[in-house]
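Both ligands and their constituent atoms are indexed starting at 1 by order of listing. All heavy atoms count here, side chains included; hydrogens, waters and symmetry mates do not.
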Amino acid sequence: MINSVDFTNKDQSYKTVFFETFGCQMNKLDAELSLGLLQEEGYKIVDKVDEADVILFNTCSVRQHAEDKVYSHLGALKTLKKRHPEVIVGVLGCMAQKDGEAIFKRMPHVDLVCGTRMFSRLPEMLLKIRNHGSHVLAIDEDQIVNVKRAVTYRPNFYQAFVTVMRGCDNYCSYCIVPYVRGREISRTIADVKEEVQSLVSNGCKEVTLLGQNINSYGKGLGGNVTLGDLLSELNDVEGLDRIRFVTSHPADISHDLIRTISHLEKVCEYLHMPAQSGSDEVLKRMRRGYTAGYYRDLISYTRELISHITVASDFIVGFPGETEEDFQKTVRLMEDIRFQNCFIFKYSPRTGTKAAELKDDVPDEIKRERNIKLLGLQKRISLEENTKMIGKEVDVLVEGASKSDPNRFSGRTRQNHIVVFNGSQELVGKLVDVVVHEVTDLTLFGKLTSCI
Ligand code: SAH
Ligand code: SF4
Ligand code: F3S
């Protein structure tokens with residue numbers, strides 16, 4: 001929360017920045033890239049607004065709630081800006097792209113609105129505001145984002161997210177992403193590989209490739225390049241242990257890709273492939289391009305080739321026209337597939353999307369009830385699946401001290417289970433074997449057997 005503000009320590013040279021990020025992994029990575037750029041310009045990152053010369057919010061528009069949160073944070077900065085007009089307040093990311101100029105009208109104390117494809121020019125924009133005192137609006141969506149990554153600025157050294165494509169051309173009827181992130185643009189394999197090699201030579205062990213619709217990676221690059229080609233190339237990078245990729249789309253993932261990853265030993269056995277609903281009628285109105293039956297067959301095929309793969313999904317409850325019968329079909333899909341984990345969202349109409357033309361006719365109370373029911377069901381399934389892991393040995397990439405108990409350490413399996421175990425600081429960033437003794441729906445608890 002942003003409230004009390006004290007500028008006694010203020011450095012007059014505009015070199016401290018407070019940065020807060022909302023939204024998905026893609027946004028978090030853009031924040032990391034932006035901060036890398038600013039650090040190279042000599043900015044110091046501070047974690048309190050009252051120590052910052054520049055305050056930046058990297059925003060999300062996917063649901064109304066995400067936007068409301070940012071507007072309330074911005075509103076809380078009004079008094080600060082009155083007392084210290086020299087402090088620069090900026091809004092970046094998806095909501096900046098979507099609301100543009102309107103942000104200045106609603107929040108006149110904002111100095112900068114910078115969309116999803118312009119953040120590589122942040123340093124010069126901040127300089128312009130500082131020197132000329134003018135507002136800057138930068139929301140050109142045809143720009144190609146080209147950021148030379150400062151591999152030395154990273155939240156941790158053994159894991160990294162890497163953007164392989166930006167934008168989305170799918171236009172699911174409920175979704176704002178294609179409007180705020182623009183058309184799909186893939187980076188070349190050579191470009192991605194160079195970045196991954198450079199991360200690995202700086203200590204990285206695991207990369208997660210990011211794309212809103214990652215299965216269509218390669219479209220537009222020429223020569224029928226596919227995600228399978230990229231994964232095969234990265235599988236050869238020496239020193240890299242694990243590769244993950246998100247987010248898969250059931251209509252775009254190919255059997256070829258599934259076959260390819262079944263042979264690549266560094267690609268982890270984990271698939272985040274949102275189903276969104278178990279009802280064909282709802283899926284049709286969502287413009288998802290597949291049926292629940294197709295989704296089931298896809299999972300069966302995948303599990304035939306990669307028996308121990310775990311699958312995660314997103315679901316939207318209360319989409320326009322969703323009946324109790326539709327909802328029960330979602331419940332059945334969840335029961336049958338037995339996902340490792342699921343993100344469940346209440347439908348939130350987004351102006352400008354196709355679904356916003358439909359009546360938002362499921363009452364909030366029902367959306368809430370359905371949300372709670374699916375969360376409860378998933379919790380039960382996760383606990384049952386995790387219980388099957390008791391007694392098994394799992395390989396874990398150690399991430400750091402456990403949040404709930406600083407004397408224990410935590411990491412993830414290849415299948416994306418969170419594991420907490422006895423450990424020590426020097427194991428951070430290493431692969432270890434752990435035997436599972438106890439579980440909850442969210443966590444496996446175990447004992448270290450060896451360090452690989
Ligand atoms: N590119 C990813 C993520 C998109 S946004 C994908 O295609 O899966 C993440 C999730 O937010 C979506 O999977 C969907 O479940 C949810 N979501 C998107 N728009 C929404 C809306 N208008 N209301 C509620 N949930 C939404
Ligand atoms: Fe949105 Fe659909 Fe694109 Fe995912 S695939 S970002 S849900 S339009
Ligand atoms: Fe949100 Fe933008 Fe990601 S709308 S979910 S931050 S692509």
> Side chains of D441 and S382: do they bring a donor and an acceptor to under 3.5 Å?
Replying inline: no

> Would R288 count as a contact of ligand 2 if the rule is a heavy atom under 4.0 Å away?
Replying inline: yes

> Who's the nearest protein heavy-atom neighbour of atom 3 (Fe) of ligand 3, and how far?
Replying inline: C24 SG, 2.3 Å

> Any N/O/S atom of C94 sitting less than 2.8 Å from atom 2 (Fe) of ligand 3, backbone or side chain?
Replying inline: yes

> So T116 and C94, side-chain contact (heavy atoms from CB on, under 4.5 Å) or not? Walk me through it.
Replying inline: CA-CA 6 Å; T116 50; C94 296; 3.8 Å; yes

>> Between K388 and E385, does any NZ, NE, NH1 or NH2 come within less than 4.0 Å of an OD or OE carboxylate oxygen?
In response: yes

>> Please compare G167, S61, A66 and report which has the shortest non-hydrogen distance to atom 4 (S) of ligand 3.
In response: S61

>> Could you identify the single nearest non-hydrogen protein atom to atom 7 (S) of ligand 2 and state the distance to 0.1 Å?
In response: Y174 OH, 3.4 Å

> Between F245 and H272, is the ring centre distance below 6.0 Å?
Replying inline: no

>> Show the atoms of ligand 1 that are less than 4.0 angstrom away from any heavy atom in V62.
In response: 5 (S), 18 (C), 19 (N), 20 (C), 21 (C), 22 (N)

>> Measuring centre to centre across the rings, with the benzene-like ring taken for any Trp, is F315 within less than 6.0 Å of Y347?
In response: no

>> Regarding H249, does it place an N, O or S atom less than 2.8 Å from atom 2 (Fe) of ligand 2?
In response: no

> Taking N or O atoms only and a 3.5 Å limit, does R63 qualify as a polar contact for ligand 1?
Replying inline: yes

> Does the pair K219/D169 count as a salt bridge with the N-to-O cut at 4.0 Å?
Replying inline: yes

> Where is the nearest protein heavy atom to atom 15 (O) of ligand 1: which residue, which atom, and how far?
Replying inline: Q276 OE1, 2.8 Å

>> One residue to check: Y174. Relative to ligand 1, which of side chain, backbone, both or neither has a non-hydrogen atom less than 4.0 Å away?
In response: both

> Would one find an N, O or S atom of C175, in either backbone or side chain, under 2.8 Å from atom 3 (Fe) of ligand 2?
Replying inline: no

> Can you list the atoms of ligand 3 that are under 4.0 Å from a heavy atom of N27?
Replying inline: 6 (S)

> Looking at R338 and E384, does any basic side-chain N land under 4.0 Å from a carboxylate oxygen?
Replying inline: yes

>> Between ligand 3 and Q212, can you find any atom pair, the residue atom being a heavy atom, that is separated by under 4.0 Å?
In response: yes

> Salt bridge check: are R296 and D336 linked by an N-O gap of less than 4.0 Å?
Replying inline: yes

>> What protein heavy atom lies closest to atom 1 (Fe) of ligand 3? Include the residue and the distance to one decimal.
In response: C60 SG, 2.4 Å

> Would R350 count as a contact of ligand 1 if the rule is a heavy atom under 4.0 Å away?
Replying inline: yes

> How far is atom 8 (S) of ligand 2 from its nearest protein heavy atom, and which residue and atom is that?
Replying inline: C172 N, 3.4 Å

> Which residue owns the protein heavy atom closest to atom 22 (N) of ligand 1, what's the atom, and how far is it?
Replying inline: S348 O, 2.8 Å

> Would you call K15-D53 a salt bridge at under 4.0 Å N-O?
Replying inline: no

> Which residue holds the protein heavy atom closest to atom 7 (O) of ligand 1, what is that atom called, and what is the gap in Å?
Replying inline: Q212 O, 3.7 Å

> Strictly by modelled atom types, are R259 and Y301 linked by a side-chain donor-acceptor pair under 3.5 Å?
Replying inline: yes

> In ligand 1, which numbered atoms sit nearer than 4.0 Å to a non-hydrogen atom of Y347?
Replying inline: 23 (N), 24 (C)

>> For a quick check under 3.5 Å, do E265 and N235 share a side-chain donor-acceptor pair by atom type?
In response: yes

> Which heavy atom of the protein is the closest neighbour of atom 4 (Fe) of ligand 2, given with residue, atom name and distance?
Replying inline: Q212 O, 4.1 Å

> Is D280 salt-bridged to R288, going by a charged N under 4.0 Å from an acidic O?
Replying inline: no

> Are Y71 and D99 linked by a side-chain donor-acceptor pair shorter than 3.5 Å?
Replying inline: yes

> Does M26 have a non-hydrogen atom less than 4.0 Å from ligand 3?
Replying inline: no

> Does the N or O separation between N213 and ligand 1 drop below 3.5 Å for any pair?
Replying inline: no

> For ligand 1, which atoms sit closer than 4.0 Å to a heavy atom of D314?
Replying inline: 9 (C), 10 (C), 12 (C), 13 (O), 15 (O)

